[in-house]
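These notes concern the structure reproduced below.
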There are 4 protein chains.
Amino acid sequence: MSRVKKSSSRLGRPPATDSADTRRTILDVARAAFADRGFEVTTNREIATEAGITPAALYHYFPSKLDLFVAVHHDTQERVLARFNQAINDVSGFVPRFEAILDESHRMNNEDPSLARFLGSVRVDVARHPEFEMAVQVDQAAMDTFFRSIVDHGVETGDVDRSRRALVLSFVATTLTGLTTGQSASDRQHALAVEAIKAAVRGDLVARLPQV
Amino acid sequence: MSRVKKSSSRLGRPPATDSADTRRTILDVARAAFADRGFEVTTNREIATEAGITPAALYHYFPSKLDLFVAVHHDTQERVLARFNQAINDVSGFVPRFEAILDESHRMNNEDPSLARFLGSVRVDVARHPEFEMAVQVDQAAMDTFFRSIVDHGVETGDVDRSRRALVLSFVATTLTGLTTGQSASDRQHALAVEAIKAAVRGDLVARLPQV
Amino acid sequence: MSRVKKSSSRLGRPPATDSADTRRTILDVARAAFADRGFEVTTNREIATEAGITPAALYHYFPSKLDLFVAVHHDTQERVLARFNQAINDVSGFVPRFEAILDESHRMNNEDPSLARFLGSVRVDVARHPEFEMAVQVDQAAMDTFFRSIVDHGVETGDVDRSRRALVLSFVATTLTGLTTGQSASDRQHALAVEAIKAAVRGDLVARLPQV
Amino acid sequence: MSRVKKSSSRLGRPPATDSADTRRTILDVARAAFADRGFEVTTNREIATEAGITPAALYHYFPSKLDLFVAVHHDTQERVLARFNQAINDVSGFVPRFEAILDESHRMNNEDPSLARFLGSVRVDVARHPEFEMAVQVDQAAMDTFFRSIVDHGVETGDVDRSRRALVLSFVATTLTGLTTGQSASDRQHALAVEAIKAAVRGDLVARLPQV
DNA sequence: TATGAATGAGCCTTCATTCAT
DNA sequence: GATGAATGAAGGCTCATTCAT
């Protein structure tokens with residue numbers, strides 16, 4: 001919101017601008033826009049205006065709208081993964097690590113909701129644009145690998161049964177997707193969902209039924 | 001499967017029926033298209049062609065593309081809700097009912113994947129088009145109410161602690177969203193996710209940690 | 001110039017228009033524009049405006065600007081070839097036939113200068129746009145074949161030496177290109193060039209030098 | 001052949017010379033580009049890149065793309081005219097001089113095809129850009145004057161009939177245009193066309209018909 | 001002299017929608 | 001009901017050109 005540079009609106013190179021700054025701004029602005037409105041609905045003009053430049057200037061930094069999207073994806077995935085990695089750094093065991101990830105998710109959702117929101121909506125955009133598939137799959141594989149490593153770590157520490165690796169991984173993917181996609185609107189809602197997932201993992205979400 | 005409207009030569013049939021058939025076809029075709037490619041990317045021409053008519057003819061059935069989308073939403077929500085209601089009909093207790101819903105979800109995802117896929121992607125489309133919000137909120141409220149009733153039923157039957165109503169409801173919303181949005185690509189994947197959710201609800205997803 | 005239909009500028013289908021007429025008008029208008037300004041410089045908007053429609057309506061008749069160009073090429077080539085064929089119909093011998101073609105060229109250049117001008121400039125446009133090559137080569141092969149047949153006919157009637165077939169064909173191509181490309185601006189200039197070519201073919205353009 | 005400006009490290013050389021080198025390089029590179037793709041299709045960036053500089057640097061040498069084009073035209077016309085003048089230097093009579101010009105054309109087409117190709121395509125570009133007309137007409141007048149002088153020389157030496165001056169001049173213009181525009185693709189083709197024109201001028205292209 | 005960052009104008013094309021038939 | 005012809009608005013992108021450095 002406070003990103004808008006004073007719109008110079010004058011020809012030629014603007015005084016005292018840093019190329020890297022502009023690129024960073026574009027990436028941030030674009031992430032928010034893509035997260036809110038998706039790839040199709042977001043126009044170059046919107047992104048450019050919010051970044052304080054003209055649509056044509058976008059092409060100075062990214063060869064096409066699609067490339068910009070891919071760059072945003074890569075940047076976001078990278079940042080989130082770094083946060084996750086750092087979050088589990090001095091934590092051991094599957095459950096503690098998963099909870100650390102959930103907590104970090106919640107923190108990130110507070111600091112910059114566009115990170116999670118983007119990752120939540122990217123799935124849809126990618127599904128809708130077959131051209132994206134290849135471009136983002138490297139990044140997504142990295143995220144997959146990360147989650148898999150958490151589960152495998154759980155197997156080692158004993159809280160995940162070796163035979164249930166796939167099941168647990170599926171649970172992680174499903175809940176994280178659900179959290180990111182559906183519950184990131186308000187802080188309260190997000191916090192509640194995080195608690196719910198934790199409770200479920202701990203096994204005390206609902207009363208244990210007497211196993212007949 | 002055959003999407004093209006059958007040629008209307010069944011003698012004696014009132015013409016109104018053909019009209020209703022065409023409307024039905026449009027709705028089905030549009031649901032699949034919106035589910036696959038989203039509101040923006042799907043064009044009237046695509047829908048019309050697949051329904052065997054011209055884009056202009058669409059306007060005899062729906063006043064605008066937006067109205068068509070809303071109609072599809074209503075229709076889909078209604079059908080899914082009917083299936084859910086029927087699924088829990090002779091089942092008692094929160095966990096059994098939730099499991100029944102998950103199973104029904106899985107069945108539906110097999111029979112006509114476009115139902116779930118549409119509901120999965122509608123969230124994004126609605127978020128991206130503020131105009132939709134009002135139109136779909138009635139339908140979404142109905143779904144909310146349904147889930148709330150399941151949880152309340154759980155409180156009555158005793159397997160949901162009264163103080164955890166909100167928590168459990170959040171879990172239902174989160175996992176169902178995650179299931180629909182992220183795990184509906186293949187039957188196998190969907191089945192696994194359903195099992196994972198069930199295990200989590202039963203409390204035996206991971207090894208119970210010794211409660212100190 | 002007098003092609004402009006009353007600009008309806010009203011939405012929906014305009015009353016009493018014939019699709020075939022509009023297509024014909026577009027083709028004619030486009031030929032003139034392409035001939036004058038070339039493919040790149042001519043804009044869809046110019047063509048549309050001169051044809052009394054909007055740029056978007058162009059796409060009702062031709063899938064792209066390139067396709068329109070190819071259609072104009074085909075149409076023009078066909079019409080010119082028809083005139084040439086008719087011109088040599090009851091004439092025998094290479095020289096008489098070549099002269100008939102030159103005369104017909106001159107007549108056409110008077111009636112509708114855009115035919116020749118287009119054919120003159122198309123060579124350049126095709127050279128500049130590799131994508132055109134394939135699309136127009138069928139038409140150009142037909143023209144080639146026609147000229148070749150004239151020369152071969154000359155061999156049969158005896159006024160072209162069999163060993164000079166290639167040479168004569170080259171002369172026909174060179175002069176006709178030169179005529180169309182460089183001398184079609186004014187009627188007088190064109191007529192003079194036609195006379196010059198005829199004189200050269202007759203062998204009395206310049207005084208015969210005493211062959212030492 | 002090597003288009004890239006040599007690195008300017010020859011000590012003691014006045015910097016002005018490097019500047020002149022760069023200008024020369026731009027002119028050469030631009031001629032080839034304009035010849036191949038025409039004024040519109042050729043971009044400043046292409047020219048600059050091939051000349052080893054940036055688009056902005058172009059503006060240190062030429063005030064605009066249009067001016068660059070005009071400069072290329074002037075330069076090319078000048079060089080070709082110089083070659084032509086030299087070619088007819090010690091030749092007398094219209095036919096021998098015309099043949100000398102044709103031979104020189106052929107030689108030039110071999111050495112640097114871009115000279116002829118540029119001159120062949122310039123006609124079209126000028127016709128397409130009314131702004132060029134005035135700028136190039138001085139150069140073209142010089143070329144015209146040259147050809148006129150050849151013909152007048154022919155009148156003096158007696159091989160051109162005084163009454164046929166205009167006719168012969170038209171022939172020269174037409175064939176030279178045809179040669180440059182249409183037959184300069186391959187050496188073989190060009191050579192054949194040159195021979196054909198020579199034969200026509202000599203009067204023995206086709207069998208002389210019995211003049212009744 | 002040269003570069004990199006930026007602009008403004010304009011182009012081709014797509015699309016929802018309208019209207020006469 | 002349905003179609004085909006047309007529109008207006010908008011979008012992504014390219015390009016010559018400008019200006020601070």
Side-chain angles (χ1 to χ4, degrees), chain A residues 7-19 21-23 40-48 52-66 68, chain B residues 8 15-16 18-19 22-23 40-48 52-61 63-66 68, chain C residues 7-19 22-23 40-46 48 52-61 63-66 68, chain D residues 8 15-16 18-19 22 40-48 52-61 63-66 68:
Chain A
S7 70
S8 52
S9 208
R10 219 163 62 267
L11 244 84
R13 180 179 192 161
T17 37
D18 183 16
S19 178
D21 279 0
T22 307
R23 209 190 125 96
E40 286 298 322
V41 183
T42 302
T43 67
N44 280 348
R45 170 150 269 116
E46 285 166 350
I47 297 173
I53 55 175
T54 55
L58 243 33
Y59 287 80
H60 209 67
Y61 297 91
F62 304 95
S64 75
K65 193 189 178 189
L66 199 150
L68 170 55
Chain B
S8 58
D18 279 352
S19 177
T22 305
R23 208 190 125 94
E40 285 299 322
V41 182
T42 302
T43 67
N44 279 350
R45 169 151 268 115
E46 285 167 348
I47 297 172
I53 56 174
T54 56
L58 240 33
Y59 286 79
H60 284 298
Y61 297 92
S64 75
K65 191 188 179 187
L66 201 149
L68 170 56
Chain C
S7 70
S8 54
S9 208
R10 218 160 67 263
L11 244 84
R13 178 181 193 161
T17 36
D18 184 14
S19 177
T22 306
R23 208 189 125 96
E40 285 299 321
V41 183
T42 302
T43 68
N44 280 347
R45 172 149 267 116
E46 285 167 349
I53 55 176
T54 56
L58 242 33
Y59 288 77
H60 209 68
Y61 296 92
S64 75
K65 191 188 179 189
L66 200 151
L68 170 55
Chain D
S8 57
D18 279 352
S19 176
T22 305
E40 285 299 321
V41 181
T42 302
T43 67
N44 279 350
R45 171 151 267 116
E46 285 167 349
I47 296 172
I53 56 175
T54 57
L58 239 34
Y59 286 79
H60 284 298
Y61 298 92
S64 76
K65 191 188 179 190
L66 201 149
L68 169 55

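Convention: sequence-line order gives letters A, B, ...; per-chain numbering from 1.
When distances run from any side-chain atom of A57(C) to the nucleotides dT17(F), dA6(F), dG1(F), the shortest one goes to dA6(F). The side chain of T43(D) has dA16(F) as its nearest neighbour among dT17(F), dG4(E), dA16(F). Checked against dT17(F), dG4(E), dT14(F), the side chain of Y59(D) finds its nearest nucleotide in dT17(F). Of the candidates dT13(E), dT17(F), dG8(F), the closest approach to any side-chain atom of A56(C) belongs to dG8(F). For N44(D), the listed nucleotide lying nearest its side chain is dT17(F); candidates were dA2(F), dT17(F), dA2(E). Residue K65(B) has its side chain nearest to dA16(E) when only dG1(F), dT3(F), dA16(E) are considered. For Y61(A), whose side chain is taken as the heavy atoms from C-beta onward, the closest listed nucleotide among dA6(E), dG8(E), dT18(F) is dA6(E).
Whole-Å rounding puts the E40(B) CD to dA16(E) P distance at 9 Å. If you measure from atom CD of E46(B) to atom P of dC15(E), you get 7 Å, rounded to the nearest angstrom. For the pair R23(C) CZ and dG4(F) P, the interatomic distance rounds to 16 Å; values are reported in whole Å. Atom C1' of nucleotide dA16(E) and atom CZ of R45(B) are separated by 11 Å, given to the nearest angstrom. The nearest whole Å value for the distance from the CG atom in L68(D) to the C1' atom in dT17(F) is 14 Å. In this structure, CD1 of I47(D) is placed 14 Å from C1' of dT17(F), rounded to the nearest angstrom.
For the atom pair CG of L58(D) and CZ of R45(D), the computed distance is 10.5 Å after rounding to the nearest 0.5 Å. Between the CG atom in L68(A) and the CZ atom in R23(A) there is a gap of 9.0 Å [rounded to 0.5 Å]. Going from atom CG of N44(A) over to atom OH of Y59(A) covers 4.0 Å, rounded to the nearest 0.5 Å. Rounded to the nearest 0.5 Å, atoms OG1 (T42(D)) and NZ (K65(D)) are 6.0 Å apart. Of the inter-residue distances, the one linking S19(B) atom OG with H60(B) atom NE2 reads 10.0 Å to the nearest 0.5 angstrom.
When the nearest nucleotides of DNA chain E are assigned to S64(C) and L58(A) by heavy-atom distance, the more 5′-ward of the two goes with L58(A). A residue-by-residue look at T42(B) and H60(A) shows that H60(A) has its nearest nucleotide of DNA chain E further toward the 5' end.
Distances shorter than 4.0 Å separate none of the side-chain N or O atoms of S19(A) from OP1 or OP2 on dG4(E). T22(A) has a side-chain polar atom (N or O) that falls below the 4.0 Å cut-off from OP1 or OP2 of dA6(E).
Counting all heavy atoms, side chain and backbone alike, V41(C) lies closest to E40(D) at CG2-CG, 3.2 Å.
Every side chain to side chain donor-acceptor pair (under 3.5 Å) that S64(A) has, sequence neighbours left out, goes to D67(A).
Both key distances under 3.5 Å define a Watson-Crick or G-U pair, and stretches of 3 or more such consecutive pairs in DNA chain F run E:2-21 with F:2-21.
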